[in-house]
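All values below come from the heavy atoms of this structure, side chains included, with hydrogens, waters and symmetry mates left out. None of the values given here were measured: they were computed from a predicted structure.
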Amino acid sequence: MFTALFGSVEAGLIYAVMALGVYLSFRILDFPDLTVDGSFVTGAAVAAVLIINGTNPFTASFVALLAGFAAGCITGLLHTKGKINPLLSGILMMIALYSINLRIMGRSNVPLLQEETIITILTDWWQKIGIDQMIENALIYMNLVDFVPKTWAIVVFMAFMVIIIKVLLDQFLKTEIGLALRATGDNKKMISSFSANTDMLTIFGLGLSNALVAFSGALVAQYGGFSDVGMGIGMIIVGLASVIIGEALFGANSIARATLAVIGGAIVYRIVVTLALRVQFFETGDVKLITAFIVIAALIFPQFIASQNEKRRKKLKSQLRGEHVAKAKKDYKNI
């Protein structure tokens with residue numbers, strides 16, 4: 001059980017990078033960008049092909065990030081310059097990327113099990129240091145043998161990397177460009193009245209969003225040991241689930257808190273899916289169905305709570321009003 005949950009945290013941290021990208025387009029730009037399903041695979045495909053051709057995994061992942069940025073910019077161009085509906089421009093790019101990804105990989109699946117990846121490099125380096133052995137000995141000493149994972153390298157590295165990305169994103173959104181980007185999502189007409197180039201801001205924002213998505217795809221491919229043309233199906237829903245769950249559980253009163261909530265939401269989402277799959281009724285192929293249920297619950301539950309709270313407030317107000325009227329009548333009689 002612990003091993004499954006530990007693996008969920010590892011995967012959740014990797015997918016948190018993708019969720020931060022979705023947060024940028026969905027919340028900051030208020031743009032329903034379906035390019036995510038394609039750019040996620042683009043990142044995985046570019047990284048996988050470069051790695052099997054001898055490129056350093058870190059360099060391959062960075063190139064995958066640039067490929068995602070280009071895909072996002074094209075979506076932005078379709079919307080801003082081509083005057084295509086935001087939803088339709090994302091769908092068009094997603095469809096185009098399916099063929100592009102097949103061209104990049106040359107086939108539908110590229111295995112990486114025999115290749116050196118970021119995951120294998122970090123795991124080997126971590127084991128040479130001996131930290132895993134130290135943690136394992138400490139857990140055994142505390143009689144927690146069942147809580148010993150294979151390695152702590154991935155979760156430590158991914159947590160460190162996600163925190164860095166979060167901090168950089170927080171700082172960026174506080175800069176002049178970042179504030180203009182946020183204003184573009186809130187009120188495009190208002191920010192354009194201040195001579196801001198909203199088209200360029202939208203293009204750049206979508207590029208940055210899909211860059212994070214593609215980078216996450218590159219990491220997922222190296223983590224899972226393969227890149228597949230169908231691995232991006234439903235990624236936009238996973239990203240939205242992470243954003244919505246995070247905001248519902250942790251709140252989003254500020255940018256720093258919102259990005260932290262997205263990361264937490266990605267981890268919680270993975271844990272919930274893992275626990276759901278342990279129920280005998282569900283099968284491995286039901287992951288998308290479980291995701292749909294999670295998103296529906298995350299959307300409906302906060303609204304239900306808010307409506308119940310509103311009813312309580314109205315009831316309390318009516319009770320207080322009744323008490324005031326009764327008190328006024330009593331005071332009037334005593335005059």
Side-chain angles (χ1 to χ4, degrees), residues 8-31 33 36 39-40 43 47 57-59 61-69 72 118-119 121-122 125-126 131 152-186 201 204-220 222-223 235 238-271:
S8 299
V9 174
E10 284 182 345
L13 287 168
I14 297 174
Y15 282 100
V17 180
M18 181 270 297
L20 287 171
V22 173
Y23 170 76
L24 270 177
S25 59
F26 184 65
R27 287 292 190 228
I28 300 299
L29 282 175
D30 193 25
F31 192 103
D33 184 20
V36 170
S39 60
F40 184 84
F58 292 95
T59 304
S61 299
F62 180 72
V63 175
L65 183 147
L66 295 179
F69 182 82
I118 288 177
I119 303 301
I121 291 172
L122 291 172
W125 174 77
W126 188 264
I131 297 178
W152 293 80
I154 301 170
V155 71
V156 171
F157 167 73
M158 286 308 306
F160 179 71
M161 189 195 68
V162 168
I163 289 171
I164 290 176
I165 292 174
K166 175 210 164 357
V167 171
L168 291 175
L169 187 60
D170 291 345
Q171 294 304 312
F172 166 72
L173 291 174
K174 292 177 183 178
T175 62
E176 186 176 346
I177 297 175
L179 290 170
L181 205 64
R182 291 160 61 184
T184 300
D186 288 336
L201 287 169
F204 177 74
L206 291 174
L208 185 59
S209 168
N210 284 279
L212 291 174
V213 172
F215 184 61
S216 176
L219 292 174
V220 169
Q222 294 173 72
Y223 177 74
M235 268 313 123
V238 174
L240 290 176
S242 302
V243 173
I244 294 167
I245 291 170
E247 290 178 345
L249 293 178
F250 308 108
N253 297 333
S254 64
I255 290 295
R257 186 168 180 177
T259 52
L260 184 63
V262 170
I263 296 169
I267 296 172
V268 171
Y269 165 77
R270 284 289 149 188
I271 291 174

Using 0.5 Å steps for rounding, measure from the [atom1] atom of [X] to the [atom2] atom of [Y].
| X | Y | atom1 | atom2 | result |
| --- | --- | --- | --- | --- |
| Trp126 | Trp152 | CH2 | CH2 | 10.0 Å |
| Ile119 | Phe157 | CD1 | CZ | 7.0 Å |
| Phe250 | Ile263 | CZ | CD1 | 10.5 Å |
| Arg182 | Leu29 | CZ | CG | 12.0 Å |
| Leu181 | Phe172 | CG | CZ | 5.5 Å |
| Leu169 | Ile164 | CG | CD1 | 13.5 Å |

Minimum side-chain heavy-atom gap [X]-[Y] below 4.5 Å:
| X | Y | answer |
| --- | --- | --- |
| Ile14 | Val162 | no |
| Ser209 | Val22 | no |
| Val17 | Ile165 | yes |
| Phe40 | Val220 | yes |

Checklist entry - Which of parallel (below 30°), tilted (30 to 60°) and perpendicular (above 60°) describes Phe204 and Phe69? => result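 Taking Phe69 first and then Phe204, their aromatic rings stand perpendicular (interplane angle over 60°).
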
Quick check: are there more than 12 heavy atoms from other residues, nucleotides or ligands sitting under 6.0 Å from [atom1] of [X]?
| X | atom1 | value |
| --- | --- | --- |
| Phe58 | CZ | yes |
| Phe62 | CZ | no |
| Leu179 | CG | yes |

Item to check | Set of salt bridge (Lys or Arg N to Asp or Glu O under 4.0 Å) partners for Arg27, sequence neighbours left out | outcome: Glu247

Next on the checklist: Show, in sequence, the C-alpha distance, side-chain angles and deciding distance for Lys174 and Ile255, and conclude whether the side chain to side chain contact (heavy atoms under 4.5 Å, CB included) test is met.
Outcome noted: CA-CA 9 Å; Lys174 292 177 183 178; Ile255 290 295; 5.6 Å; no

For residues [X] and [Y], report the shortest heavy-atom separation together with the two atoms involved.
| X | Y | result |
| --- | --- | --- |
| Tyr269 | Ala241 | CD1-CB, 4.0 Å |
| Ala258 | Tyr23 | CB-OH, 3.3 Å |
| Ala218 | Ala64 | CB-CB, 3.8 Å |
| Gly21 | Val213 | CA-CG2, 4.3 Å |
| Ile118 | Gln222 | N-OE1, 2.9 Å |
| Ser8 | Arg270 | O-CB, 3.4 Å |

Checklist entry - Does one side chain, of Ser25 or Asp33, offer a donor that lies under 3.5 Å from an acceptor on the other? => result no

Next on the checklist: Determine whether Phe215 and Met18 satisfy the following criterion, side chain to side chain contact (heavy atoms under 4.5 Å, CB included), listing intermediate values before the conclusion.
Outcome noted: CA-CA 8 Å; Phe215 184 61; Met18 181 270 297; over 6 Å; no

Checklist entry - For Val9 and Met158, what are the C-alpha separation, side-chain angles and deciding distance, and is it a side chain to side chain contact (heavy atoms under 4.5 Å, CB included)? => result CA-CA 10 Å; Val9 174; Met158 286 308 306; over 6 Å; no

Checklist entry - Is the backbone N or O of Leu212 less than 3.5 Å from a side-chain atom of Ser216, with the two atoms forming a donor-acceptor pair by type? => result no

Checklist outcome for this item: Sequence neighbours excluded, the answer for side-chain hydrogen bond (donor to acceptor under 3.5 Å, both in side chains) partners of Thr259 is Lys166, Asp170

Checklist entry - Stepwise, does the side chain to side chain contact (heavy atoms under 4.5 Å, CB included) test hold for Leu219 with Met161? => result CA-CA 11 Å; Leu219 292 174; Met161 189 195 68; 3.4 Å; yes

